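Computed from a predicted model, the values in this text were never measured in an experiment.
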Amino acid sequence: MTERRIAVISAGLSNPSSTRMLADRLAAETVKVLREQDIPVTVDVIELRDLAHDITNNLLTGFAPPALETAINTVVSADALIAVTPIFSTSYSGLFKSFIDVLDPDALTGKPVLIGANAGTARHSLAVDYAIRPLFTYLHAEPVSTGVFAASSDWGANADDVAPLSSRVERGARELAEAVARREPASDADPFDPETYLGKGRSFGHLLGGLAGE
């Protein structure tokens with residue numbers, strides 16, 4: 001069976017961070033579910049804090065340095081995406097949004113996404129659905145129904161016993177795994193093939209013809 005690839009983006013600023021902890025738990029549970037279905041899978045984790053300067057330079061110049069280009073290609077070519085951000089001022093972090101902004105607007109079309117977020121208090125839990133989910137919907141991605149929010153208390157002794165973080169992680173991961181299993185494996189596009197960025201069946205001749213008004 002063809003191996004599937006999952007890209008994980010973590011927008012935590014500290015090291016270590018609860019954002020990365022949540023991202024790792026979501027990835028590990030998704031891998032577990034897929035392997036239970038005999039679907040081989042690999043995971044690539046992207047720490048956005050390591051790319052912060054490259055992301056800023058790309059926004060300013062329009063060109064991605066090699067490390068950022070590799071991260072972008074990893075996300076674009078993956079079968080699914082796990083995206084986790086800390087909540088700042090009731091929404092996703094600026095670093096998280098800046099990375100999304102350097103992606104091609106069509107890069108995530110049809111891609112299953114598991115959304116994760118964390119903050120100091122559970123009061124910010126609604127940010128998953130009123131801020132982050134609309135962002136991925138706008139980009140024509142396919143976020144799964146369950147978004148996983150973790151407050152600081154979820155990591156301590158006073159964690160929620162009614163809806164524990166572990167059950168939320170399991171539910172979200174299972175939904176993502178099911179979405180991955182339903183889809184055909186992603187194929188690696190040749191970056192030197194004009195069809196990659198001009199569209200299937202098109203060539204530079206079509207582009208030049210269009211510019212000439214033909």
Checklist entry - Do you know which two heavy atoms are closest between Val8 and Ala23, and how far apart they sit? => result CG1-CB, 3.7 Å
Checklist entry - Which heavy atom of Val76 sits nearest a heavy atom of Ala107, and at what distance? => result CG2-CB, 3.7 Å
Checklist outcome for this item: Heavy-atom closest pair (Val113 atom, Ala141 atom, distance to 0.1 Å) is CG2-CB, 3.8 Å
Checklist entry - Among the clusters formed by ILVMFWY side chains lying less than 4.5 Å apart, do Trp155 and Ile87 turn up in the same one? => result no
Next on the checklist: Less than 3.5 Å apart, any donor N or O on the side chain of Asn118 or Thr19 sitting next to an acceptor on the other?
Outcome noted: yes
Next on the checklist: side chain to side chain contact (heavy atoms under 4.5 Å, CB included) for Asn57 and Phe63? Distances and angles first, verdict last.
Outcome noted: CA-CA 7 Å; Asn57 289 337; Phe63 294 98; over 6 Å; no
Checklist entry - Does Glu3 CD have over 12 foreign heavy atoms under 6.0 Å away? => result yes
Checklist entry - Hey, are Arg168 and Asp154 close enough for a salt bridge, meaning a charged N less than 4.0 Å from a carboxylate O? => result yes
Checklist entry - Is it true that atom OH of Tyr130 has more than 12 heavy atoms of other residues, nucleotides or ligands lying nearer than 6.0 Å? => result yes
Checklist entry - Yes or no on side chain to side chain contact (heavy atoms under 4.5 Å, CB included) for Phe96 and Asp101, after CA distance, side-chain angles and deciding distance? => result CA-CA 9 Å; Phe96 181 85; Asp101 285 342; over 6 Å; no
Checklist entry - Hey, quick one: are Val144 and Leu81 part of the same hydrophobic cluster, counting side-chain heavy atoms closer than 4.5 Å, chains of contacts allowed? => result no
Next on the checklist: Give me the atom names and distance for the closest heavy-atom approach of Gly172 to Val148.
Outcome noted: CA-CG2, 4.5 Å
Checklist entry - Is there a donor-acceptor contact under 3.5 Å from the side chain of Arg174 to the main chain of Thr30? => result no
Checklist entry - Just by modelled atom types, is the Ala11 backbone N or O under 3.5 Å from a matching donor or acceptor in the Arg49 side chain? => result no
Checklist entry - Is a side-chain donor or acceptor of Ser98 paired with a backbone partner of Gly94 at a separation under 3.5 angstrom? => result yes
Checklist entry - Same cluster or not: are Phe99 and Tyr138 linked, directly or through other Ile, Leu, Val, Met, Phe, Trp or Tyr residues, by side-chain heavy atoms under 4.5 angstrom apart? => result yes
Next on the checklist: For a side chain to side chain contact (heavy atoms under 4.5 Å, CB included) check, start with the C-alpha distance between Ile72 and Thr70, then their side-chain angles and the critical distance, and finish with the verdict.
Outcome noted: CA-CA 5 Å; Ile72 291 172; Thr70 297; over 6 Å; no
Checklist outcome for this item: When every non-hydrogen atom of Ala64 is compared with those of Glu69, the smallest separation belongs to CB-N, 4.1 Å
Checklist entry - Would you call Tyr92 and Ile100 a side-chain contact if the rule is heavy atoms closer than 4.5 Å? => result no
Checklist entry - How far apart are the C-alpha atoms of Val102 and Asp54, what are their side-chain angles, what is the distance that settles it, and do they pass the side chain to side chain contact (heavy atoms under 4.5 Å, CB included) test? => result CA-CA 10 Å; Val102 303; Asp54 286 351; over 6 Å; no
Item to check | Shortest non-hydrogen contact from Ala150 toward Leu22 | outcome: CB-CD2, 4.2 Å
Item to check | Single-linkage hydrophobic cluster, 4.5 Å side-chain cutoff, Leu48 and Phe88 together | outcome: yes
Item to check | From CG (Leu60) to CD1 (Ile55), nearest 0.5 Å | outcome: 12.0 Å
Checklist entry - From Ser166 OG over to Arg25 CZ, what is the distance, rounded to the nearest 0.5 angstrom? => result 6.0 Å
Item to check | Point-to-point distance, once rounded to the nearest 0.5 Å, from CG of Asp44 to OG1 of Thr42 | outcome: 5.5 Å
Checklist entry - To the nearest 0.5 Å, how far apart are CD1 in Ile115 and CG in Asp129? => result 7.5 Å
Checklist outcome for this item: Output for pair (Leu114 CG, Arg171 CZ), nearest 0.5 Å, gives 11.0 Å
Item to check | Test applied, side chain to side chain contact (heavy atoms under 4.5 Å, CB included); reference residue, Ile82; option that passes from Val43, Val45, Leu26 | outcome: Leu26
Checklist entry - Looking only at atom types and distance, does a side-chain atom of Glu142 sit under 3.5 Å from a main-chain N or O of Lys111, one as donor and one as acceptor? => result no
Next on the checklist: Are Leu139 and Ile9 linked, directly or through intermediate hydrophobic residues, by side-chain heavy-atom contacts shorter than 4.5 Å (ILVMFWY only)?
Outcome noted: yes
Item to check | Pairing of Arg20 and Glu47 as salt bridge, 4.0 angstrom limit | outcome: yes
Item to check | Main-chain N/O of Val180 paired to Arg4 side chain as donor or acceptor, under 3.5 Å | outcome: yes
Item to check | Gap between atom CG of Leu176 and atom OG of Ser145 - 0.5 Å precision | outcome: 11.5 Å
Item to check | Crowding at CZ, Arg183 (>12 non-hydrogen neighbours, <6.0 Å) | outcome: yes
Checklist entry - So, do Lys97 and Leu135 sit near enough that their side-chain heavy atoms are less than 4.5 Å apart? => result yes
Next on the checklist: In the structure I gave you, are the side-chain heavy atoms of Thr137 and Pro143 within less than 4.5 Å of one another anywhere?
Outcome noted: yes
Checklist entry - Quick check: does any side chain N or O of Asp79 sit under 3.5 Å from a backbone N or O of Ile6, one acting as donor and the other as acceptor? => result no
